[in-house]
There are 2 protein chains.
Amino acid sequence: MNIGEVADRAGLPAKTIRYYEDIGLVKPPRDANGYRAFRESDLHKLAFLARARALGFSIEDCRVLVGLYQDDHRASADVKRVAEEHLTRIDEKIAQLQGMRDTLATLVHACHGDDRPDCPILKDLAEGR
Amino acid sequence: MNIGEVADRAGLPAKTIRYYEDIGLVKPPRDANGYRAFRESDLHKLAFLARARALGFSIEDCRVLVGLYQDDHRASADVKRVAEEHLTRIDEKIAQLQGMRDTLATLVHACHGDDRPDCPILKDLAEGR
DNA sequence: CTTTACCTTCCCATGACTGGAACCCCCATA
DNA sequence: TATGGGGGTTCCAGTCATGGGAAGGTAAAG
């Protein structure tokens with residue numbers, strides 16, 4: 001399989017797949033012409049990576065998860081711990097964004113949005129309440 | 001005022017303030033010794049920037065907001081539009097994270113987290129449901 | 001005078017790609 | 001056989017908003 005087909009089937013840009021090879025996440029063999037010759041197992045791993053990334057796992061988390069996935073003697077507790085830590089980070093992020101959102105929504109609501117210069121948004125930014 | 005004092009009072013790292021000068025957000029004059037000599041107005045602008053950044057506005061948004069802030073003939077509609085667009089982006093981000101969070105929470109909940117290898121988290125990543 | 005605490009510029013690194021240049025390779029059609 | 005198009009390859013640079021650290025100049029304190 002060439003990179004284009006793998007990209008289509010894994011749902012990743014070819015550029016990203018090359019990058020993943022660069023950082024050692026996949027190691028496809030090469031054809032005589034220098035083209036990457038992906039095996040089914042490479043495709044499978046890339047699809048795994050695509051889904052892990054879609055859940056927001058970092059590349060380093062992905063590396064760990066792939067490692068656990070390939071380890072028949074893994075303990076599910078190790079997987080769970082990685083996922084829980086990631087969940088915590090996501091919750092923190094959401095809380096932070098929610099805070100911004102609330103402040104911003106209040107300010108936007110208070111702003112007339114007309115052709116006059118008076119603006120509670122700028123007022124807040126300038127004075128810090 | 002030297003950069004250290006401004007950093008303390010604006011709540012920004014000195015590094016960040018130098019960067020803001022680099023990209024033209026502030027233009028403090030210099031003393032004879034080459035030190036930046038911040039005026040009250042520079043401090044004020046940096047505090048404005050710190051608050052705008054804390055609300056998640058991009059640097060380019062900040063540039064626009066500072067411009068509007070300094071324009072006595074601004075229309076508050078322009079400010080409101082920038083803020084509304086940012087609010088929309090934040091909402092999208094929150095929705096995206098919320099989606100990840102829900103999936104992840106379900107998976108974490110389903111995982112025993114013991115010393116055996118069976119793991120619904122890895123199963124999901126491998127099979128895509 | 002020496003130490004300590006600033007300040008300066010400069011370059012490199014982050015995360016996870018993305019874009020583009022310059023080049024090679026394979027196949028089909030005129 | 002030429003040529004055109006659509007693959008593939010490497011390598012370098014850029015993104016965003018900083019942060020780290022080196023090498024060196026300056027100021028204030030003991």
Side-chain angles (χ1 to χ4, degrees), chain A residues 1-39 42-43 45-46 48-66 85-86 89-90 93 96-97 100, chain B residues 1-39 42-43 45-46 48-66 85-86 89-90 93 96-97 100:
Chain A
M1 249 179 306
N2 281 350
I3 202 169
E5 188 182 344
V6 177
D8 283 350
R9 292 176 56 185
L12 288 171
K15 274 268 183 190
T16 298
I17 296 174
R18 291 198 192 96
Y19 171 66
Y20 287 175
E21 186 191 21
D22 227 49
I23 62 175
L25 281 179
V26 279
K27 300 179 178 45
R30 300 293 181 122
D31 276 343
N33 56 16
Y35 286 19
R36 288 167 184 83
F38 293 88
R39 297 154 296 191
D42 294 315
L43 171 59
K45 195 193 274 188
L46 286 165
F48 180 103
L49 288 167
R51 282 187 284 264
R53 291 289 300 131
L55 283 182
F57 284 104
S58 71
I59 291 285
E60 284 318 303
D61 279 348
C62 288
R63 205 186 289 278
V64 172
L65 290 173
V66 167
E85 283 171 9
H86 180 45
R89 283 194 299 271
I90 287 184
K93 196 93 204 236
Q96 188 199 356
L97 286 172
M100 289 178 183
Chain B
M1 248 182 303
N2 282 350
I3 201 169
E5 187 181 346
V6 176
D8 283 351
R9 292 176 57 184
L12 287 171
K15 274 268 183 187
T16 298
I17 296 174
R18 292 196 192 97
Y19 171 67
Y20 287 175
E21 187 191 22
D22 226 50
I23 62 174
L25 280 179
V26 278
K27 301 181 178 41
R30 300 292 181 123
D31 277 342
N33 56 14
Y35 286 19
R36 289 168 184 83
F38 293 88
R39 297 153 296 192
D42 294 315
L43 171 59
K45 194 194 275 189
L46 285 165
F48 180 104
L49 288 167
R51 282 186 285 265
R53 291 288 300 130
L55 284 181
F57 284 104
S58 72
I59 292 284
E60 284 319 302
D61 279 348
C62 288
R63 205 187 288 279
V64 172
L65 289 173
V66 167
E85 284 170 10
H86 179 45
R89 284 194 298 271
I90 286 183
K93 196 92 205 233
Q96 188 199 356
L97 287 172
M100 289 178 185

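So that the names make sense, note that chain A is the first sequence line, chain B the second, and so on, each numbered from 1. Computation of the quantities below employed the complete heavy-atom set of this structure, encompassing side-chain atoms and omitting hydrogens, waters and symmetry-equivalent molecules.
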Test: B/Glu21 and B/Arg18 ion pair at under 4.0 Å: no
B/Ile59 side chain reached by B/Tyr20 side chain, heavy atoms, under 4.5 Å: yes
Atom-to-atom span, CZ of B/Arg63 to P of D/dA17 - whole angstrom: 10 Å
Expected output: side-chain B/Arg53 to main-chain B/Phe57 donor-acceptor under 3.5 Å: yes
Look for any protein N or O under 3.5 Å of an N or O in nucleotides 5-9 of chain D and output each such pair with its distance, or none.
from	atom 1	to	atom 2	distance (Å)
D/dG7	N2	A/Tyr35	OH	2.9
D/dG8	OP1	A/Gly4	N	2.4
D/dT9	OP1	A/Arg36	N	2.8
D/dT9	OP1	A/Arg36	NH1	2.7
D/dT9	OP2	A/Arg18	NE	3.2
D/dT9	OP2	A/Arg18	NH2	3.2
D/dT9	OP2	A/Arg36	NH1	3.1
D/dT9	O5'	A/Arg36	NH1	3.3
D/dT9	O3'	A/Arg30	NH1	3.4

Interatomic distance, A/Ile17 CD1 vs C/dC17 P [rounded to whole Å]: 11 Å
Protein-nucleotide distance (B/Met1, atom CE; C/dC6, atom P), rounded to Å: 17 Å
Short N/O separations, protein against nucleotides 11-13 of chain D, under 3.5 angstrom:
none

Between P of D/dG19 and OH of B/Tyr19, the distance in whole Å: 11 Å
B/Asp42/B/Lys45 ion pair, N-O < 4.0 Å: no
Sugar-phosphate, base or nothing in reach of A/Phe57, heavy atoms under 4.0 Å: nothing
Whole angstrom value for the distance that separates P of C/dC17 from CD of A/Glu21: 15 Å
Estimated bend of the helix from C/dC1-D/dG30 to C/dA30-D/dT1 (axis per five terminal pairs, rounded to 10 degrees): 30°
Listed nucleotide nearest any side-chain atom of A/Tyr20, set D/dT18, D/dG19, C/dC17: C/dC17
Sub-4.5 Å side-chain heavy-atom contact between A/Met1 and A/Pro28: no
Distance below 4.0 Å between A/Thr16 side-chain N/O and C/dT18 OP1 or OP2: yes
